[in-house]
Amino acid sequence: MKAQFIAYKGKEFTVEWYFNSQGKSSSLKYFIELPEEQKDKTFYLIQTLADVGKIINKEKFNYEGNQIFAIKPSSNRFLCFFFEGSKIIITNAYKKQTQKMPPREKERALKSKDDYIKRQREGVYYD
(Lines give C-alpha, C1' and ligand atoms only; values in the text may rest on other atoms or scores of the structure.)
Protein backbone atom coordinates (compact mmCIF):
# COMPACT_ATOMS: atom_id res chain seq x y z
CA MET A 1 0.00 0.00 0.00
CA LYS A 2 1.31 3.44 -0.87
CA ALA A 3 1.88 5.00 2.54
CA GLN A 4 1.64 8.56 1.18
CA PHE A 5 -2.04 7.93 0.47
CA ILE A 6 -2.89 6.94 4.03
CA ALA A 7 -4.36 9.97 5.77
CA TYR A 8 -4.53 8.30 9.18
CA LYS A 9 -4.59 4.77 10.61
CA GLY A 10 -6.88 4.68 13.63
CA LYS A 11 -8.23 2.11 16.07
CA GLU A 12 -11.44 1.58 14.07
CA PHE A 13 -10.63 2.63 10.49
CA THR A 14 -7.79 3.47 8.15
CA VAL A 15 -8.57 6.65 6.24
CA GLU A 16 -7.03 6.89 2.79
CA TRP A 17 -6.89 9.50 0.04
CA TYR A 18 -8.31 8.11 -3.22
CA PHE A 19 -5.85 8.24 -6.09
CA ASN A 20 -6.56 7.73 -9.78
CA SER A 21 -4.81 5.31 -12.13
CA GLN A 22 -2.10 7.94 -12.78
CA GLY A 23 -1.29 8.06 -9.05
CA LYS A 24 -2.82 11.51 -8.49
CA SER A 25 -5.06 12.41 -5.56
CA SER A 26 -7.15 15.57 -5.94
CA SER A 27 -8.40 15.30 -2.35
CA LEU A 28 -4.85 15.10 -0.96
CA LYS A 29 -3.79 18.02 -3.17
CA TYR A 30 -6.75 20.04 -1.88
CA PHE A 31 -5.84 19.18 1.73
CA ILE A 32 -2.17 20.12 1.26
CA GLU A 33 -3.15 23.52 -0.15
CA LEU A 34 -5.33 24.41 2.85
CA PRO A 35 -4.09 26.93 5.43
CA GLU A 36 -2.62 25.22 8.53
CA GLU A 37 -5.65 26.00 10.71
CA GLN A 38 -7.98 24.33 8.20
CA LYS A 39 -5.63 21.35 7.88
CA ASP A 40 -5.71 20.95 11.67
CA LYS A 41 -9.54 21.02 11.78
CA THR A 42 -9.79 18.55 8.93
CA PHE A 43 -7.20 16.20 10.40
CA TYR A 44 -8.92 16.31 13.79
CA LEU A 45 -12.17 15.05 12.20
CA ILE A 46 -10.32 12.38 10.19
CA GLN A 47 -8.52 11.25 13.33
CA THR A 48 -11.76 11.15 15.36
CA LEU A 49 -13.56 9.17 12.67
CA ALA A 50 -10.67 6.69 12.40
CA ASP A 51 -10.16 6.25 16.15
CA VAL A 52 -13.75 6.39 17.44
CA GLY A 53 -15.52 5.04 14.36
CA LYS A 54 -18.02 7.88 14.05
CA ILE A 55 -18.62 11.60 14.34
CA ILE A 56 -21.98 12.25 15.95
CA ASN A 57 -22.19 15.96 15.05
CA LYS A 58 -24.11 16.18 11.74
CA GLU A 59 -22.62 19.63 11.19
CA LYS A 60 -19.20 17.95 10.92
CA PHE A 61 -20.07 14.58 9.31
CA ASN A 62 -23.15 13.81 7.27
CA TYR A 63 -24.59 11.07 5.06
CA GLU A 64 -25.15 12.45 1.55
CA GLY A 65 -26.85 9.42 -0.02
CA ASN A 66 -25.56 6.67 -2.33
CA GLN A 67 -23.08 5.53 0.37
CA ILE A 68 -21.27 8.90 0.20
CA PHE A 69 -20.48 10.86 3.37
CA ALA A 70 -19.14 14.37 3.87
CA ILE A 71 -16.48 15.36 6.38
CA LYS A 72 -17.17 19.03 7.06
CA PRO A 73 -14.47 20.83 9.07
CA SER A 74 -15.70 24.29 7.96
CA SER A 75 -16.71 25.48 4.52
CA ASN A 76 -14.52 22.72 3.07
CA ARG A 77 -16.10 19.40 2.23
CA PHE A 78 -14.28 16.08 1.95
CA LEU A 79 -16.44 13.37 0.38
CA CYS A 80 -15.76 9.76 1.30
CA PHE A 81 -17.14 6.24 1.47
CA PHE A 82 -16.64 3.21 3.71
CA PHE A 83 -15.04 0.09 2.25
CA GLU A 84 -14.47 -3.45 3.47
CA GLY A 85 -11.44 -4.03 5.62
CA SER A 86 -12.29 -1.05 7.86
CA LYS A 87 -11.30 1.57 5.29
CA ILE A 88 -12.64 5.02 4.60
CA ILE A 89 -11.66 6.42 1.22
CA ILE A 90 -11.69 10.22 0.74
CA THR A 91 -12.55 10.72 -2.92
CA ASN A 92 -12.66 14.47 -3.51
CA ALA A 93 -12.88 17.83 -1.79
CA TYR A 94 -14.35 21.23 -2.52
CA LYS A 95 -15.22 24.55 -0.91
CA LYS A 96 -18.89 24.90 -0.04
CA GLN A 97 -20.46 27.87 -1.83
CA THR A 98 -24.16 26.98 -1.79
CA GLN A 99 -26.57 25.28 0.61
CA LYS A 100 -26.75 22.11 -1.47
CA MET A 101 -23.86 19.98 -2.61
CA PRO A 102 -23.05 20.64 -6.27
CA PRO A 103 -24.23 17.57 -8.25
CA ARG A 104 -20.87 17.34 -10.06
CA GLU A 105 -19.06 16.86 -6.71
CA LYS A 106 -21.25 13.94 -5.75
CA GLU A 107 -20.88 12.52 -9.26
CA ARG A 108 -17.08 12.77 -8.90
CA ALA A 109 -17.28 10.95 -5.56
CA LEU A 110 -19.44 8.18 -7.04
CA LYS A 111 -17.18 7.83 -10.09
CA SER A 112 -14.10 7.64 -7.86
CA LYS A 113 -15.82 5.10 -5.61
CA ASP A 114 -16.70 2.90 -8.61
CA ASP A 115 -13.13 3.20 -9.95
CA TYR A 116 -11.65 2.34 -6.54
CA ILE A 117 -13.86 -0.74 -6.16
CA LYS A 118 -13.14 -1.91 -9.72
CA ARG A 119 -9.37 -1.48 -9.40
CA GLN A 120 -9.39 -2.98 -5.89
CA ARG A 121 -11.27 -6.08 -7.08
CA GLU A 122 -8.87 -6.45 -10.03
CA GLY A 123 -5.95 -6.26 -7.60
CA VAL A 124 -4.34 -3.28 -9.35
CA TYR A 125 -5.22 -0.38 -7.03
CA TYR A 126 -2.15 -0.66 -4.78
CA ASP A 127 0.40 -1.55 -7.50
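Quick note: numbers below take in every heavy atom, side chains included, and nothing from hydrogens, waters or symmetry partners.
- In summary, the side chains of Tyr126 and Glu16 do present a donor paired with an acceptor at a separation below 3.5 Å, with no hydrogens or angles considered.
- Using a distance-only test at 3.5 Å, with no hydrogens or angles considered, a donor-acceptor pair links the side chain of Asn57 to the main chain of Glu59.
- Side-chain contact of Tyr18 with Asp115: a donor-acceptor pair under 3.5 Å is present, judged by distance alone.
- Between the Asn92 side chain and the Arg108 main chain, no donor and acceptor come within less than 3.5 Å of each other.
- None of Thr48, Thr42, Asp40 except one satisfies the side-chain contact (heavy atoms from CB on, under 4.5 Å) rule with Tyr44; the exception is Thr48.
- Without hydrogens or angle criteria, Lys113 side chain to Ile89 main chain gives no donor-acceptor distance under 3.5 Å.
- Checking Phe5, Phe31, Tyr30, Tyr8 one by one against Trp17, the ring-ring contact (aromatic ring centres under 6.0 Å, His included) holds for a single residue, Phe31.
- Between Ile71 and Arg77 the shortest side-chain heavy-atom distance does not fall below 4.5 Å.
- Between the Lys60 side chain and the Pro73 main chain, a donor and an acceptor come within less than 3.5 Å of each other.
- For Phe81 and Tyr116, the ring centers sit closer than 6.0 Å to each other.
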| task | Check step by step if side-chain contact (heavy atoms from CB on, under 4.5 Å) holds for Val15 and Gln47. | result | CA-CA 8 Å; Val15 180; Gln47 190 176 24; over 6 Å; no
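- The closest side-chain heavy-atom distance from Ile46 to Ile90 is below 4.5 Å.
- More than 12 non-hydrogen atoms from other residues, nucleotides or ligands lie less than 6.0 angstrom from CZ of Phe82.
- Side-chain contact of Asn76 with Lys96: a donor-acceptor pair under 3.5 Å is absent, judged by distance alone.
- No side-chain N or O of Thr14 forms a donor-acceptor pair with one of Lys87 less than 3.5 Å apart.
- The main-chain N or O of Gln67 is found under 3.5 Å from a side-chain atom of Tyr63 such that the two form a donor-acceptor pair.
- In this structure, the side chains of Phe83 and Ile117 come closer than 4.5 Å at one or more pairs of heavy atoms.
- Within the 4.5 Å cutoff, side-chain heavy atoms of Ser74 are placed close to those of Gln38.
- At a threshold of 4.0 Å, the pair Arg104-Glu107 does not count as salt-bridged, since none of the basic side-chain nitrogens sits closer than that to a carboxylate oxygen.
- Taking the six-membered ring where tryptophan is involved, the planes of Phe61 and Phe69 are essentially parallel, since the angle between them stays under 30° and well short of 60°.
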